[in-house]
Amino acid sequence: MSISWQRAIVVGASSGIGESLARKLAQAGCQVALVARREQELQRISMSISSSSGGTPKPLTYVHDVNDTDAAELLLQQIAYDLGGLDLLIYSAGVMPMDAENSYNTAADVAAIAVNVSGAVAWCNAAAQRFAKQGAGTIVGISSVAGDRGRRGFPVYSASKAFLDTYLEGIRNKVGRYGVKVVTVKPGPVDTPLVKDLNKNKLPMLITSEQAADHILRGIRRDSVLYVPGRWRLVMWLIRHVPSFLFKRLNV
Amino acid sequence: MNSQNGLKLPLSRLEKVQSWGMNREVLGYVYRPSTVAGLQEVIATARNAGRSVGIRGGGCSYGDASLNSENVVLDITRMNRILAWDPATGIIEIEPGVTLQRLWQYVIGDGWWPPVVSGTMFVTMGGAVGMNYHGKNNYKMGPVGEHVLEFDLLLADGTVINCSREHRPDIFFAAIGGFGMLGCFTRIVMKMKRVYSGLLEVDAFATRSFAEIARVFEERMADDDYLVGWIDCMAGSQNSGRGLVHAARYLRADEDPNAPQTLQVAYQGLPETMFGLIPKSIMWRFLKPFSNDPGMRLINWARFLLGSTLGNYKTVRQSHAAFAFLLDYVPNWKLVYRPGGLIQYQSFIPAEHAAACFDEQMAICRKFRVYPWLGVFKRHRTDNFLMTHAVDGYSLALDFPVRKRYESRLNQAVEEMNRVVLESGGRFYFAKDSTLTRQDALTYLGSDAVLKFQRLKAELDPNNLWQTDLSRRLFGDWDINTPHPRPLQEAR
């Protein structure tokens, strides 16, 4: 795959879609910075990427907890320095707290908001500022189809993704005029550690994270909302139009 | 790699910084101090953040000499005071951000002119001295450094040191032409040249080959004060090297009865319109339709045709500014080179090899089908500066448009041209360069000179504070003994 980005940051690169995206970007010749919480995972992925095929540049690794929102801007600055510039930020960190029927875990919910919302705001704000000055650059936020409706299985997760959708739209409108592209990626179920607690056989249209990464890299030129795979756009259009009184009776 | 160096630099300082050739654009943290104390503060800020400092003057270097991507860019244009001027001796004391424009406009009324001027007046004198720039009179007056009497240099540790030919001559001859690697000038003392008229007498005539133009230059060098050749680089192989010569000399005191008038700044002004009609500020838009190889071929052909017929052996009187600042004649002409920008390829070849070497360069251009839209030919002589670009011979400056579709051909062509130049004992110029490799630079400068420079750098700037994209490209981290605290990214 040929890509136009030369220097990219992937936040949340230690597993799932982030890992696959980092791998594919690096294989296409992009100099990638991997940002994640777990150092061992980072090292493993970085090693495996650089040894995967000849000439793949070894990704740089940065240990960072997205809860530490104050550190995001400085780290972005540091990475841009180490890479010698920046074209692309992918925010792919995300957690999905799952509650059993009739149980609530506020601590886990708040923690999820920190990762899915606050972390995203810290990183995308910093990147937006930088890219606006540069007059170019792409910000990619990995959201979810779950953000299109409030879901009884994971109210906070779906709300956090709805936040991300609206926030990214705002950022797109804010810096689009300066030449920055902002892409909201909305994958359906993807076979990643995020869904490890779910029954995979029940997940509709499940794809692998490699497939998701391919879809995303093909589509992120478009500067808008990207459903992965594309047919989710129709499905979610229909689901968004299910009236509330009906939707609340459904088990989705 | 995971350690985070130092403090955050404010994002508000982040600015797009462009090379003059518009071929490279980077982000840097730009600071514009106006005093020495402010300058020292910038150094401290950069050090706390673990960043290097790249000095930028007028930003008129064609390549990456004034860029320092992701690091601190020290823009000196606000340090622009004229500190002292003595119209009796022609000695002027200036801050580095004073532009050449400001300088000549300041001194001409008293009957002085900067001894060495570039093709644009928007350079700063700090940048000019840092690059040790030359003019169309290099064979006679040498580079600008020969007219610098002394300077103050701010070192990486924040101290200011005074240098001249007597005091620390080693630094004097290295910092001039040292492309901002040893320190930042804070004060420059220069001697101007006495002129008795605001006019020059200019001869224009055509030449048919590199051999001929070189012969003409040799004949006229003794008498003429300025010599410059324009080369039609798009001519075919039979006409290779054809061009026009402009030769100029200063007027004697008795030759210009109107000297008090012609020495006024107003008299030196470049005309506002082209052909008395088109405002020059929009002139580049008229050139835009010709911004392709056939269009430029036509313009070059027409220019040669006019110059070799109507304009051949014409003698005219022209103001200093109109003769000197050709690049400012059509404002924004370089926008014609958008979107890719241009690189200027200037090589300096010893006289005995020059014609053959330039012929070979033209042949290489034709072979790779990359055509310079503009070629400028000049005579040079050697000087005593450590990192000098000058030779006893000729230079040819070629403006290549940069376009995605023939980028690889252009790279191959300049690579081959670099080889030819180095084989001829030629040299290059930091203010123009964007094509050299580390090995190329080492070859033309010679390892003795580079080692000497490195030692001075190690003495004056042990932590390698002063850097630019160019310095990293050509000299890496400078320090040969101890590893630099920050690994250089080859990805750059």
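Numbered from 1 within each chain, the chains take letters A, B, ... in sequence-line order.
- Contacts from residues 129-144 of chain A to chain B, taken as heavy-atom pairs separated by less than 4.5 Å, involve A/Gln129, A/Arg130, A/Lys133, A/Gln134, A/Gly135 in sequence order.
- For chain A, the nearby part of B/Leu27 is the side chain; its heavy atoms alone come within less than 4.5 Å.
- Shown here for B/Arg51 and A/Gln77, the closest heavy-atom pair between the two residues is NH2-O, 3.7 Å.
- Scanning residues 113-126 of chain A against chain B with a 4.5 Å heavy-atom cutoff picks out A/Ala126, ordered by number.
- Around CZ of B/Arg32, the count of heavy atoms belonging to other residues, nucleotides or ligands within 6.0 Å exceeds 12.
- Taken to the nearest 0.5 Å, the CG atom of A/Leu83 stands 8.5 Å off from the CD atom of B/Glu70.
- The local environment of CZ in B/Arg285 is sparse, with at most 12 non-hydrogen atoms from other residues, nucleotides or ligands closer than 6.0 Å.
- In this structure, B/Glu407 places its CD atom where more than 12 heavy-atom neighbours from other residues, nucleotides or ligands lie under 6.0 Å away.
- Pairs of residues two or more places apart, or lying in two chains, never qualify as ring-ring contact (aromatic ring centres under 6.0 Å, His included) while including a residue from residues 39-58 of chain B.
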Return all side-chain donor-acceptor pairs below 3.5 angstrom for residues 333-342 of chain B, not counting sequence neighbours, or 'none' if the list is empty.
{"unit_1": "B/Trp333", "atom_1": "NE1", "unit_2": "B/Leu327", "atom_2": "O", "d": "2.7"}
{"unit_1": "B/Lys334", "atom_1": "NZ", "unit_2": "B/Trp20", "atom_2": "O", "d": "3.0"}

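- Annotation: A/Lys174, atom NZ; neighbour count of heavy atoms from other residues, nucleotides and ligands within 6.0 Å does not exceed 12.
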